[in-house]
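Worksheet: one structure, shown below.
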Amino acid sequence: MANATNRGNRSRSSIKILLLGDGGVGKSSIISTFVSRHFSSVVPGKMTKVRLPPDPTIGGFIITTIMDSQDGDGALISAAEAIDSTCDADAVSEMGSTGTSTDSGVGGGYLLDRVERSVNFGGGIDHVDSIILVYDLGRIETFDRLESHWLPLIERCYNSKLPVIIAGNKLDLLHHTSNELNRSHRQVIALLQRFKFVRQCIKCSAQNLRNVDEIFLKARQSVLYPITPALYDLEKCCLADNCKRSITRIFRMYDVDNDGLLSSIELNAFQKYAFNVQLKEGDFKGWQKLISRHEDREVEAVVRDGKFTVAGFMAIFDIFICQNRLDVPWKILRQFGYDDDLKLHIPRSLYKPQNLQHTDKDILRNNDWNLSASARNFLTAIFHQFNSAEDGTLSKDDILKIFWVIPGASLPPWHPKRAKELFKRSFSLPVSSKNLVSDVASDVNPSILNSGESVENCKLKSPIEPLAFSDWMGHWHMISAVSPSLTRAEMYRLGHIENPSTIGLFRHDNSSASTQARQRITGSNLSSSTETRLWVIGKRGSGKTTLINYLRSTNDDNISEDLSPDRGILTLPESLSKKAATSFTSVRTKSFTASSKGGIEETETMNHISYLIFTEIPGIDLCNLEQKDRDMSELKSQMFGTHRSNRTSCDLVMFVFDPADTSSLSYVKEIENVVLDDNMPRVFVASASYDGSTSLENAGLEMSHQYCESIDLEPPILLKEWTRSKVLDYFVILSEEVL
């Protein structure tokens, strides 16, 4: 059953339909009538394969093959026996290796795939996409055998994954009374309820062509528009979870004003893009009345303030599915990039550099990583929309609701459970916790390691922390610095469209909504923000992790007082710390602008946030010459790219050294000489581990002062003498000069 598994409609090139049923029910006659368009009383016992040319109205350029069967149950029985033998062999093998017998969880469809490689079953039962199961309306025993024989056999061989259309043939000969028809209807309903893979039961007549076309149409549609497992949960009789997520994402894309509702204008934009048809006012009100009948008031209202809620939007899809019009939801989902598994296709354009500039300044700085104005507006609006308490802070539940539309682990991309996999090919990993994970244990004060909590326990704790607006935006700036393309893809999964006109939204200006949201969040106008990427380089044990944690904390005391066990600085074993770690902090400042209105001088205060994004570079072993060359080359390529036309991944380099260890100064000087060019801004920082002596009393400090003077740099920052706010303000000034 290679084609029976989930394949997207866009990648499918063929559909194979198999007709099964008892002898004499009219399988061959149905095929003959369908192909020749007239009934013949004499047909072969088994028709040859029929290939239908592509039909643009059904699946585009897909070729359909119709296969007849004779004694098809014999082939299925042989397959079932082979499956049973395989299951027994697997059980014996597992018992022999583990001493116990367990359910391998392997479905029948998969087993048939395995056994068919070595057994030729005949009957054309392999590589089938759908089945038309035929019975004789005039012979009740052929209907009874559907339930007792055919459907259980199909269920066993195809693991309930193959769609089945039941065709009751010889309708022209049927002369049932009304009671018999009612009884027949109840039997069909019971059959559909028991065997969930049966998509439809259709009565037909091969002699007068009644509903013959409908049978093959539904068989093809059952393949092109599958109901399970992605679209609908037949056991719970509701939309499947991944389908709900996909619909919610589409809803967000058209919720232009971010009020959690779809107005008639917004729904019309969706309708126009999905079906190229305008939504009339009467249609809008008609849908409101229709879905109101399906409202579950215990869950969520479907209409509020005359607009559709998310539940109401989902109800529209649910109605189409209940009416067996699966082509409608699937056309919508595929239009928005979903395959048959409801996996979202991310446009390749998002993985390419955006808004490339060719000026020397842009090439030097690499502005591609900066969030676009549209992205900032989207993130601001979604923050305000999901801030349930309206207190300027997203709670854990608020954050989970935002990322609920992402299948699997519906967590933020910076959460450790997602970041490790999502950014596994990136140069660094984002760090979401309040304190940075060190690359080695020696980077942290020993008293912290003895605080009573094991490293392993610290490693496993990954809570979702409430986020203020500056933290929310800072996390997005952080992951964009790690990987701009993956960040764009993540926002796309949430419903952000950089160019709204591509989905029929020609007015997607959220600037006013974003301004209002920012005013509520900050209490005043937030005019702008700047983001600066700092690479932190230092020898192992020089104190660079401690420095970053200190700068990201809220304590403005002396750094030595900040290194207490209750600060909770986490560490990891050296064996687990091969990648760089990226984190951030933010600095809020105020600017004053003077303006004149009507001859009256006014001063306006504007808030500004500077995001400092730190990437801690793991220590390089300078003694291992071969590895050292590779690490230096990798570091240089990450900073400047492999070609001169590539733009830098760093705005400012912070060299951290221990004044008590002159080798740590030699370490950063060597990296500076090998990796950096003359245009890269840099600053030297003396960690807080020295005894406070002057440069004349400390050889390391004296050497660093002399070196900085020789290359025309400011003297090193002495953390022992600087407060956190003074250090951050200094970096903000440096970043303004860099930018």
Q.
Would you say Asp136 and Thr142 are linked by a side-chain donor-acceptor pair, where the criterion is simply a distance under 3.5 Å?
A. no
Q.
Atom NZ of residue position Lys196 - does it have more than 12 heavy atoms of other residues, nucleotides or ligands inside 6.0 Å?
A. yes
Q. Okay, side chain of Thr33, backbone of Ala206: is any donor-acceptor separation there less than 3.5 Å?
A. yes
Q) Distance under 6.0 Å and angle within 45° of the ring axis: does Arg249 meet both against Tyr492? A) yes
Q) Do you know which of Asp129, Ile17, Val128 makes side-chain contact (heavy atoms from CB on, under 4.5 Å) with Val223? A) Asp129
(Q) If you take the centroid of each ring, where Trp contributes its six-membered ring, are Phe336 and Tyr273 closer together than 6.0 Å? (A) yes
Q. Does any N or O in the side chain of Asn268 come within less than 3.5 Å of the main-chain N or O of Leu279, such that one atom is a donor and the other an acceptor?
A. yes
(Q) Can you give me the closest heavy-atom contact between Arg252 and Lys401, atom names plus distance? (A) NH2-O, 2.9 Å
Q) Would one find more than 12 heavy atoms of other residues, nucleotides or ligands at under 6.0 Å from atom CD1 of Ile265? A) no
Q) Side chain of Asp255, backbone of Gly260: donor and acceptor closer than 3.5 Å? A) yes
Q. Are the side chains of Tyr232 and Asp318 in touch, meaning some heavy atoms are under 4.5 Å apart?
A. yes
(Q) Check for me whether the distance between the ring centres of Phe313 and Tyr254 falls short of 6.0 Å. (A) no
Q) Less than 4.0 Å between a side-chain N and a carboxylate O, is that true for Asp213 and Arg37? A) yes
(Q) Quick one about Asp22 and Trp150 (side-chain donor to acceptor, distance below 3.5 Å, no hydrogens or angles considered), yes or no? (A) yes
(Q) Nearest 0.5 Å, please: how far is CG in Leu342 from NZ in Lys244? (A) 13.5 Å
Q: Using a strict cut-off of less than 4.0 Å between a Lys/Arg side-chain nitrogen and an Asp/Glu carboxylate oxygen, indicate whether Asp259 and Lys307 qualify as a salt bridge.
A: yes
Q | Ring-ring centroid check Phe284 Phe308, cutoff 6.0 Å | A | yes
